[in-house]
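Here the structure is laid out as C-alpha cells; the discussion comes afterwards.
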Amino acid sequence: MLAYTLELCKTVVHNRTYRFKILNVLVQLYKGLNIPDYLNMCQCLLFLNDPEEVAKTLDKLIRGDANDAVMAYQVAFDLNENQNQPFLLRVVKKLSPEEETKKPEETTATDSNMEVEKPSASGSDDYEDRLAKLKDILSGKTPTDLYLHFLYIHSKTDLLILKSIKEKLKPRNTVTHIATVMAHAIMNSGTTIDTFLRENLQWLAKATHWSKFTATASIGVIHRGHYKESLKLLQPYLPQGNAASSSPYQEGGALYALGLIHACDGGDQAPFLLESLKSKNEIIQHGASLGLGLTAMATGNKDMYDDLFEIIVTDNAVSGEAASIATGLIMLGTGYEEGVENLLAYAHDTKHEKIIRGIAMALALMQYGREELADPLIEQLSMDKDPILRYGGMNTIALAYVGTSNNKVIRKLLHVAVSDVSDDVRRAAVTALGFVLCNDPQKVPTIVSLLAEGFNPHVRYGAALAVGISCAGSGMKEALDLLDALLDDPEEFVRQAAYIATAMVLIQHNKAKEPRVAAFRKKIDECLWPKGDTMAKFGAIVAAGILDAGGRNVTISLLSHHGHKKMTAIVGMALFPQFWYWHPLIHFICLSFSPTAVVGLNHNLKMPQNWKFKSNAKPSLFAYPDPRVEKKAEKKVLKTATLSVVKKKKDKEKGNAMEVEGKDEKKDDKESKMEVDDAKGKVEDKEDEKDKKEEKKTPEPDFEILNNPARVTWAQQEFITSLSDQRYKPAKEKIAGIVMLLDSKPQEKEDFVVAKAPKI
C-alpha cells in the first residue's frame, strides 16, 4: 500500500504543495514500521529536499552493527544514483565528524543504555572508517570507480564498425570526419579505451581549428570518471603555465575534456580551470569556461559566477557563449534572481547571437526543476520580441517541468509549436515535450504523431528528438513506427534527427529482442555511400556511436530506478541538441549515459566472487550484438588475350584428339555412370546427417545464471531474481545497480573480484 501511494505521488499528483504533504506522511509511516524501511524513507526525504534528516538516519545506521552499516551504504548508493549533487553535498556536510560524534565524557545515561541494546561504533576507528566510506559513496567517488572498472573490463566496442565508416567517407569532408571522431568517443564513453585513435593518428591529424578542439575534447568523453589520472592523461595538451599558446584549439579542447572527466564532482579541478580562464585567448577561455561549468555543476558558487560574467560582458562571441552556458551550469536549479536579471539585461544589450543563445540556455538551466516557481520567467521569455530568447523560454519550460507530465505546460508547448513565427522556437517547443513527458513516454508518439506529418521540417525534426529523448532505451514499437517514416523524409536534417532518435530508442537492443535493429544498422551503412547528404550522414554516424555507446554497456535514462529525475543526465540531454548551432556541445550526451551493471559489494565495499543471481529470460534476448566479420577480398583472375589464328589451330588440335578418344570413352560410360551415382548418394546421405544434427541441437535455456559483476540492461531488470541458499543476500529487493550484500557466514574466508586499473 505504501509503495503504491509513493508511486501515485510521483506520477499522478502534479501540485507540488500537496505532493510534499503526502511525502511527509509517508516518511512517518516508513519510520514507524516494525522494521523501518530506510531505503524508501530516504527516497521520500530526497523528494522533500531534507538533507538533515537523511544525514541523521545515515549517522544512526553507521553507529550500529555491520548489517546496519551495510544498509547505510545501500541508502547512500541509491541516493547517488539519483544524481542530485547539491542535495548529496549538503548531506556530506551534515555528516561532519566534528559535529556528529560525541566525546566519551559527554555521553549521557540514556546513551549508555542504548549501547547495551545495540553495540555502537561511535568514537571508534570503525565509525571513522564507515563515515569515510559513506562520504566517498555520497560524493560519487566509489560508484564512479566501480563503474569505470566494469566498463573497462566488459567493453564490447566493435572497431570494424568505425573502420567501415572511415573507409566509406571522403577524407576531405570535415563534417563527416569529426562526426566519426564523435562516434568513436560515444562508443567508448567511460571505457578509457582509445585504440582506434591510436591506430589512426595520421587520419586524426586531419582535424584542424575547431575540429581539432572537438577531437581533443573527445578524450574527456572516453575517460569520463577517470579522476585519478586525468591531469596526467591530458598533460601533453593542457596549457603550460604562462607560456605562449602554441595550439589554442588543442589546449582549449583539453580544458573542456578535463571538465567532462570531472563532470559534477563538486569542483575538484575548479582552481586549475579558473587559472586557465585568465588567458587572453578566446578559444582557451571557451574550453576553460565549459570545463569549469561541468566540474562545478550545481555548486551555486557566486564567485565563479562573477568571474564568468566578466567574460560575458567583454562581448566576445566565442568566449561569451561558453561562459554564459557555464553560469547556468554552476547555478543549476538555484533560480539565482540577481544572475537572471543581469543575464537577461545583457541579452537585450548585446548584438551577438551566440551570446544571446548561451544566455537563453543559462536561464533555462537556472530554473531546472522549479516548476511553478519558474512561471514568471517563462512568461517573460515567451513574450519577448527576440526569437532566441523565446527559444530559451521553451527550453526553460523543458527543464523546469521535466518529468512532470503537466497538462497545462503540454498545451502551451503544442500551441507554440504551431503558432510561433520562428522555426527555431517551434522546433524547441516540440523537443521540450520529450523532457516534460519523460516519465510517461507512452504518450509521446501519440501526441507528436500529427506534428511529425506536418509541412514544417523543423517541427518534424523536433518531433523526432522528442520521441528519442522520452523513449530512449525502451525499444517502443510506436516510437519506432513514427521514426521509420522520418528516416525517409525529403529534408536531410530531418533524417539526421530521425537517425539519432532511432539510435536512442534502440540503444542496448539486439536483433533477437527487436528485429528492426539489423535493418537500422544496414540503413546507416547505406546512408554513407551516396554523394551529398552531409547532414544526414552526420546523423547516421553519430547514431552508430549511440547504438553501441559505452562499449555496449550503457543506456540513456533521465529517471532513476526510484523515479527521481537524474539531474546530470537531464542537463546533458538538454545541451546535446544544441549541436545544431555548435558541434562541440555534442559531447554533453555522455552525461546522460548510465552504466547497466549489477555490482554486488560486501561490508568492506569489495566484490565477492561467489555471489550469483538469475535472469529468468532467454540469454539471446539480452546478449551483446554479434561482432562484424571482416570480409576477405577475393582475388580476381585476369583472362589472357589470344589471337584468332592461334585459337583456330588449338580448336583443330582439340577436334582431332576428341575423335581418337571417343572410341575408348564409349566402353567406360556404364562404369563412370555407376561411380557418379554412388558419389551422389554419399553426398545426399551426408546432407541428411547434417540436418539431423541441427535438429538435435539443444534448445536455448529459459534462464541464465550471472556472475558478479554483470551487465543487466534496463529491459532485463524485470527478469532478475536472487538465488536462495547463497552465502550473500542482497540488502534490497530489486537487484539493480550497486547492491550491498549481507554476509551470513562472516567468519569464513572470502574471494573477491580483482579490479583492473584502466591503462593510460
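Atoms considered below: every heavy atom in the structure, side chains included; atoms not considered: hydrogens, waters and symmetry mates. From a predicted model like this one, the values you see are computed outputs, not experimental measurements.
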- [ ] For a side-chain hydrogen bond (donor to acceptor under 3.5 Å, both in side chains) with Gln508, tell me which candidate from Thr596, Thr713, Asn553 qualifies.
- [x] Thr596
Open item on the list: side-chain contact (heavy atoms from CB on, under 4.5 Å), that's the test. Do Leu381 and Leu344 meet it? Break it down for me.
Closed with: CA-CA 9 Å; Leu381 291 172; Leu344 201 52; 3.7 Å; yes
For the atom pair [atom1] ([X]) and [atom2] ([Y]), what is the distance rounded to the nearest 0.5 Å?
{"X": "Asn602", "Y": "Asp743", "atom1": "CG", "atom2": "CG", "result": "7.0 Å"}
{"X": "Leu559", "Y": "Ser594", "atom1": "CG", "atom2": "OG", "result": "10.0 Å"}
{"X": "Ile556", "Y": "Ser592", "atom1": "CD1", "atom2": "OG", "result": "5.0 Å"}
{"X": "Ile359", "Y": "Leu343", "atom1": "CD1", "atom2": "CG", "result": "5.5 Å"}
{"X": "Met304", "Y": "Met331", "atom1": "CE", "atom2": "CE", "result": "9.5 Å"}
{"X": "Lys614", "Y": "Leu706", "atom1": "NZ", "atom2": "CG", "result": "11.0 Å"}

If every non-hydrogen atom of [X] is compared with every non-hydrogen atom of [Y], which pair is closest and at what distance?
{"X": "Gly473", "Y": "His509", "result": "O-CE1, 3.2 Å"}
{"X": "Ile137", "Y": "Asn80", "result": "O-ND2, 3.4 Å"}
{"X": "Gly600", "Y": "Asn708", "result": "N-OD1, 2.8 Å"}
{"X": "Ala55", "Y": "Leu95", "result": "O-CD2, 3.6 Å"}
{"X": "Ala463", "Y": "Val430", "result": "N-CG1, 3.3 Å"}
{"X": "Glu514", "Y": "Gly475", "result": "OE1-O, 4.0 Å"}

Flag, side chain of [X] to backbone of [Y], donor-acceptor distance under 3.5 Å:
{"X": "Gln83", "Y": "Ala569", "result": "yes"}
{"X": "Asn395", "Y": "Tyr391", "result": "yes"}
{"X": "His603", "Y": "Ala69", "result": "no"}

Do [X] and [Y] have side chains that get closer than 4.5 Å, going by heavy atoms?
{"X": "Asp481", "Y": "Pro445", "answer": "no"}
{"X": "Phe613", "Y": "Val712", "answer": "yes"}
{"X": "Val571", "Y": "Leu575", "answer": "yes"}
{"X": "Ile720", "Y": "Val598", "answer": "no"}
{"X": "Leu46", "Y": "His562", "answer": "no"}
{"X": "Ile378", "Y": "Val409", "answer": "no"}
{"X": "Leu79", "Y": "Val54", "answer": "yes"}
{"X": "Leu414", "Y": "Leu433", "answer": "yes"}

Who are the ring-ring contact (aromatic ring centres under 6.0 Å, His included) partners of [X], not counting sequence neighbours?
{"X": "His262", "answer": "Tyr227"}
{"X": "Phe593", "answer": "none"}
{"X": "Tyr147", "answer": "none"}

- [ ] Provide the full list of salt bridge (charged side-chain N to carboxylate O under 4.0 Å, His left out) pairs with a residue in residues 33-54, sequence neighbours left out, each pair given once.
- [x] Lys31-Glu53
Task: Summary of salt bridge (charged side-chain N to carboxylate O under 4.0 Å, His left out) pairs that have at least one residue in residues 74-84, sequence neighbours excluded - done: Asp78-Lys732
Task: Partners passing side chain to side chain contact (heavy atoms under 4.5 Å, CB included) against Leu29 (at least two apart in sequence or in another chain) - done: Leu2, Val25
- [ ] Using the test side chain to side chain contact (heavy atoms under 4.5 Å, CB included), find all partners of Ser474 that sit at least two apart in sequence or belong to another chain.
- [x] Cys471, Met476, Val505
- [ ] Start with the C-alpha distance between Thr299 and Ile330, add both sets of side-chain angles, then the distance that settles side-chain contact (heavy atoms from CB on, under 4.5 Å), and finish with yes or no.
- [x] CA-CA 6 Å; Thr299 55; Ile330 290 170; 3.9 Å; yes
Would you say the side-chain atoms of [X] and [Y] include a donor-acceptor pair closer than 3.5 Å?
{"X": "Glu371", "Y": "Thr404", "value": "no"}
{"X": "Asp59", "Y": "Tyr127", "value": "yes"}
{"X": "Thr295", "Y": "Asp265", "value": "yes"}
{"X": "Lys729", "Y": "Ser722", "value": "no"}
{"X": "Asn82", "Y": "Ser560", "value": "yes"}

Open item on the list: Would you call the rings of Trp714 and His561 parallel, tilted or perpendicular, taking 30° and 60° as the class edges?
Closed with: parallel
- [ ] List the steps and the verdict of side-chain contact (heavy atoms from CB on, under 4.5 Å) for Leu591 and Arg224.
- [x] CA-CA 9 Å; Leu591 302 184; Arg224 184 168 178 247; 3.7 Å; yes
Task: Carboxylate-amine/guanidinium contact Lys141 Asp145, below 4.0 Å - done: no
Check residues 361-369 and write down every donor-acceptor pair under 3.5 Å in which the side-chain atom is one partner and the other belongs to a residue at least two apart or another chain.
unit_1	atom_1	unit_2	atom_2	d
Gln367	OE1	Arg370	NE	3.0

Who are the salt bridge (charged side-chain N to carboxylate O under 4.0 Å, His left out) partners of [X], not counting sequence neighbours?
{"X": "Lys133", "value": "Asp129"}
{"X": "Lys443", "value": "Asp440"}
{"X": "Asp420", "value": "Arg390"}
{"X": "Arg426", "value": "none"}

Task: Passing option when Tyr401 is tested against Ile410, Asp375, Leu413, Leu437 for side chain to side chain contact (heavy atoms under 4.5 Å, CB included) - done: Asp375
TODO: Would you sort out whether Tyr73 and Ile738 count as a side-chain contact (heavy atoms from CB on, under 4.5 Å), showing the intermediate values?
DONE: CA-CA 10 Å; Tyr73 299 152; Ile738 297 173; over 6 Å; no
